[in-house]
Amino acid sequence: MLERRSAAAVSFGPFSFDPQNRLLSRDGVEVALPPRVLGVLELLLARAGEVVSRQEMLDGVWKDAFVTDTSLAEAVSVLRQALGDDPQSPRYVQTVHRRGYRFVAPIVRPGAALGVPRADAPVQPSIGGVLAPWSIAVLCAAIAAAALWQIARSPSPAPPPVVRFEVRLPQGTRFDRRGPPLAMSRDGRTLAWSACDGAGCGLDVRGIDRLDPLRLAGTDGASSPFFSPDGRWLGFFAGGKLQKISIAGGSPVTLADAPEPGGASWGDEGHIVFAGTPAGGLSLAFDQGGEVTPLTAPRMADGEVRHLWPSWLPDGHTILFTVATSPLAGSPGRIVALSLPGHTWKTVAQGATRALFASPGYLVMSRGSDVQALAFDPRTLTPTGAADAVLDRLAIGGGTGAFTVSAAGALGAVQSAPPSRRLYWQDDQGHPLPDAVARLDAVALSPDDRRAAGVVVDGSRSDVWIADLDRGALTRVTSAGVNVSPVWSADGSRVLFASSSGGPFAIFSRAIESGAAPSPVAAGDGHLFPWSADRTGAIAVVQGRHEGRTAVAVLPRATQTTAAATASFDETAPALSPDGGWLAYQSDESGRWEVYVRRAGDRKAIAVSADGGTSPSWSADGRAIYFHEGARLLSASFAAGANAAVSRPEVVFDNPGARVIAISSRGRLLVQEESAPPGTALVVLQWVRELGQRLPLPVTSPR
């Protein structure tokens with residue numbers, strides 16, 4: 001039996017609780033609650049002001065029933081909703097981190113002991129002496145009753161108002177587009193974002209009660225920030241690493257390698273779950289450093305390419321993340337819940353790019369440029385209603401929506417008009433290519449420079465199309481499955497591409513003029529993506545490996561087989577020299593992406609880039625290697641032979657807001673330029689309370 005200090009009713013604020021009959025009332029009206037929730041309230045009131053451990057509460061309320069902390073957390077959540085309490089600014093029930101809960105409101109216990117004269121005290125025989133104590137007692141009781149009546153009649157404090165405000169960046173500055181730029185501390189009192197200008201990108205921090213942000217020194221190149229649970233640290237990605245820095249300033253601390261950032265989340269026990277490789281799963285790092293532990297790997301047999309955008313649920317042992325089924329950034333994926341330590345998976349939603357849990361029981365997801373909310377039961381990891389759009393005009397960063405939520409019920413989102421895109425030849429800027437050409441992603445130029453193959457994403461599908469660069473006419477190449485990575489054959493008669501219908505990506509080919517159906521070229525038990533082809537018909541490919549890494553290999557036309565990859569790092573973006581003798585590629589062997597070149601069939605590599613490099617390609621004569629350093633295009637002269645050598649790279653193109661996406665056989669640069677307003681961050685405090693009115697949670701009882 002639960003011990004009770006007193007069977008008399010107690011009052012707090014506008015509420016009264018009768019432990020004898022287990023009744024909670026507000027202003028005389030009963031508040032119906034499940035028995036377990038009433039048991040939690042009774043125990044907290046009986047030990048008001050004390051920290052009651054989770055185990056004591058489980059033992060006292062659930063007794064011999066086998067339940068977990070999730071049942072207790074759900075009961076406390078229901079109790080808080082009934083009391084109108086805010087877990088971040090509690091008036092009644094306070095969470096004591098890693099210890100338990102405490103009832104913090106003043107309580108009134110009418111009929112408390114009034115005190116009795118001691119047995120050895122002298123007795124006064126006068127009537128006044130006899131009546132005086134009773135008169136005082138009656139007076140005190142009357143005062144207490146009046147105070148209790150006044151408290152009961154007092155209106156409950158009004159909840160904090162829903163507040164909206166905007167964060168605008170200085171002229172010439174924009175929110176980062178490489179990943180979700182905005183982060184908010186759990187208590188909703190501090191904002192952080194990644195912002196970029198002509199000099200680069202970095203992290204800014206601002207309290208919501210401040211007007212001016214603080215730029216954190218040492219965060220050059222930082223993207224995708226996220227807060228520690230106590231709000232004192234920021235995690236971020238920069239220079240191919242996962243790092244952290246104090247919001248009070250100081251030097252950043254490196255925690256893990258992460259050459260291809262895909263989001264991170266900081267848990268209560270100091271574990272940071274993150275995605276950091278181009279075709280891998282999630283990993284766990286500790287916020288004090290140490291060994292990194294692989295957590296998941298994409299299941300290629302099911303068409304999974306990468307795991308992205310992880311976030312912890314409040315229970316501390318469940319992770320939400322996105323399963324990408326296409327290598328194209330921004331393609332919709334599956335939202336999955338992973339329960340630890342059993343590593344059981346459960347699909348929660350389809351067709352979204354990222355999801356976060358919003359207290360007390362909602363998922364907030366990005367689908368394209370919309371923010372959608374979904375009622376969600378964290379106990380069963382199951383949606384309890386249909387999704388509803390709650391915000392539009394969302395800016396896109398790293399292929400996903402730029403939004404964040406806090407445990408205090410606040411929302412932050414970067415809103416912006418859709419970017420306008422135009423393509424043009426650098427030497428002919430006044431004549432942009434037709435709009436139909438600008439629709440294509442992953443553009444590959446034909447050898448005669450008259451056509452471009454690319455990908456058009458439509459919902460969960462993507463198809464390969466060919467565009468006439470002069471007229472803008474589009475011709476469909478594929479019509480089923482997920483199709484990516486188009487590459488032209490050296491003679492321009494065929495287009496190679498990777499295709500998946502729910503399993504591993506395999507390589508197909510289609511003749512352009514004949515109109516015949518695509519034919520298979522190569523397949524394996526892992527993903528295969530074509531990247532370039534030479535005059536002999538050989539194909540440079542990217543292989544997805546089962547340990548979550550990528551490797552490059554050459555597929556000779558004669559054998560149509562690939563060599564097994566054994567490297568312990570990622571390689572991608574292979575480009576065959578025109579004669580097929582050399583292979584340029586990018587690797588994260590150094591901890592960040594750099595470009596290397598090696599003789600085809602040999603593992604001895606020569607470094608091409610020195611300060612980071614991606615996406616290499618060759619000049620038509622094979623004497624130069626182009627590559628990107630951020631948005632800049634550089635070129636390094638290459639001398640083949642027994643003593644092959646690479647010159648110091650020189651900048652070929654440097655135009656903020658634009659990027660070279662292809663180089664013609666005659667050395668012309670095809671430039672893609674995207675222009676969009678810098679965007680404005682909208683912050684809504686108490687947003688979840690507003691959401692609850694629009695999308696009410698179903699009424700359920702905890703176990």
Side-chain angles (χ1 to χ4, degrees), residues 69 88 95-99 179-194 202-205 207 214 216-277 280-296 307-321 338-341 343 354 356-357 359 404-408 548 591-592:
D69 283 355
Q88 301 302 317
T95 300
V96 182
H97 185 53
R98 297 188 183 181
R99 293 177 62 191
L182 194 62
M184 188 180 300
S185 61
R186 283 192 179 182
D187 60 12
R189 297 178 181 178
T190 310
L191 298 171
W193 60 83
S194 175
L203 295 183
D204 293 338
V205 178
L214 170 69
L216 294 179
T219 61
D220 294 346
S223 68
S224 303
F226 57 98
F227 274 95
S228 63
D230 60 10
R232 298 170 56 191
W233 293 81
L234 267 180
F236 62 94
F237 297 91
K241 309 290 183 182
L242 174 70
Q243 304 184 49
K244 70 173 186 177
I245 190 170
S246 170
I247 65 170
S251 300
V253 179
T254 297
L255 301 175
D257 288 337
E260 193 75 12
S265 179
W266 202 321
D268 285 333
E269 302 301 323
H271 291 110
I272 298 174
V273 57
F274 71 100
T277 56
L282 308 180
S283 298
L284 280 177
F286 192 58
D287 59 12
Q288 299 302 311
E291 186 177 354
V292 175
T293 304
L295 190 59
T296 68
H307 297 162
L308 297 159
W309 315 123
S311 65
W312 291 100
L313 288 185
D315 62 13
H317 57 75
T318 305
I319 300 168
L320 284 178
F321 65 95
L338 169 67
S339 297
L340 303 176
H343 287 70
R354 187 167 66 109
L356 299 174
F357 181 79
S359 178
T404 185
V405 293
S406 78
R592 67 176 180 184

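What you see is a predicted model; the values in this text were computed from it and never measured.
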Taking all atoms of both residues into account, what is the closest heavy-atom pair of [X] and [Y], and its distance?
| X | Y | result |
| --- | --- | --- |
| Asp187 | Ala408 | O-CB, 3.6 Å |
| Asp268 | Pro229 | OD1-CB, 3.6 Å |
| Leu295 | Ile319 | CD2-CD1, 3.6 Å |
| Ile245 | Trp233 | C-CE3, 3.3 Å |
| Ala275 | His307 | CB-O, 3.3 Å |
| Phe286 | Gly270 | CD1-O, 3.3 Å |

Stepwise side chain to side chain contact (heavy atoms under 4.5 Å, CB included) check, Phe274 with Leu255: CA-CA 11 Å; Phe274 71 100; Leu255 301 175; over 6 Å; no
With sequence neighbours excluded, residues passing side chain to side chain donor-acceptor pair (under 3.5 Å) with Ser283: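 Per chain and number, Ser283 pairs via side chain to side chain donor-acceptor pair (under 3.5 Å) with no residue.
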Min side-chain heavy-atom separation [X]-[Y] under 4.5 Å:
| X | Y | answer |
| --- | --- | --- |
| Met184 | Leu191 | yes |
| Phe357 | Ser311 | no |
| Phe226 | Ile272 | yes |

Between [X] (side chain) and [Y] (backbone), is there a donor-acceptor pair under 3.5 Å?
| X | Y | answer |
| --- | --- | --- |
| Ser265 | Trp312 | yes |
| Gln243 | Ala238 | yes |
| Thr318 | Leu313 | no |
| Ser194 | Ala222 | yes |

Worked check of side chain to side chain contact (heavy atoms under 4.5 Å, CB included) between Glu269 and His317: CA-CA 10 Å; Glu269 302 301 323; His317 57 75; over 6 Å; no
I need the [X] [atom1] to [Y] [atom2] distance, nearest 0.5 Å.
| X | Y | atom1 | atom2 | answer |
| --- | --- | --- | --- | --- |
| Leu308 | Glu260 | CG | CD | 9.5 Å |
| Asp230 | Trp266 | CG | CH2 | 7.5 Å |
| Ser223 | Phe237 | OG | CZ | 7.0 Å |

Stepwise side chain to side chain contact (heavy atoms under 4.5 Å, CB included) check, Trp193 with Leu203: CA-CA 6 Å; Trp193 60 83; Leu203 295 183; over 6 Å; no
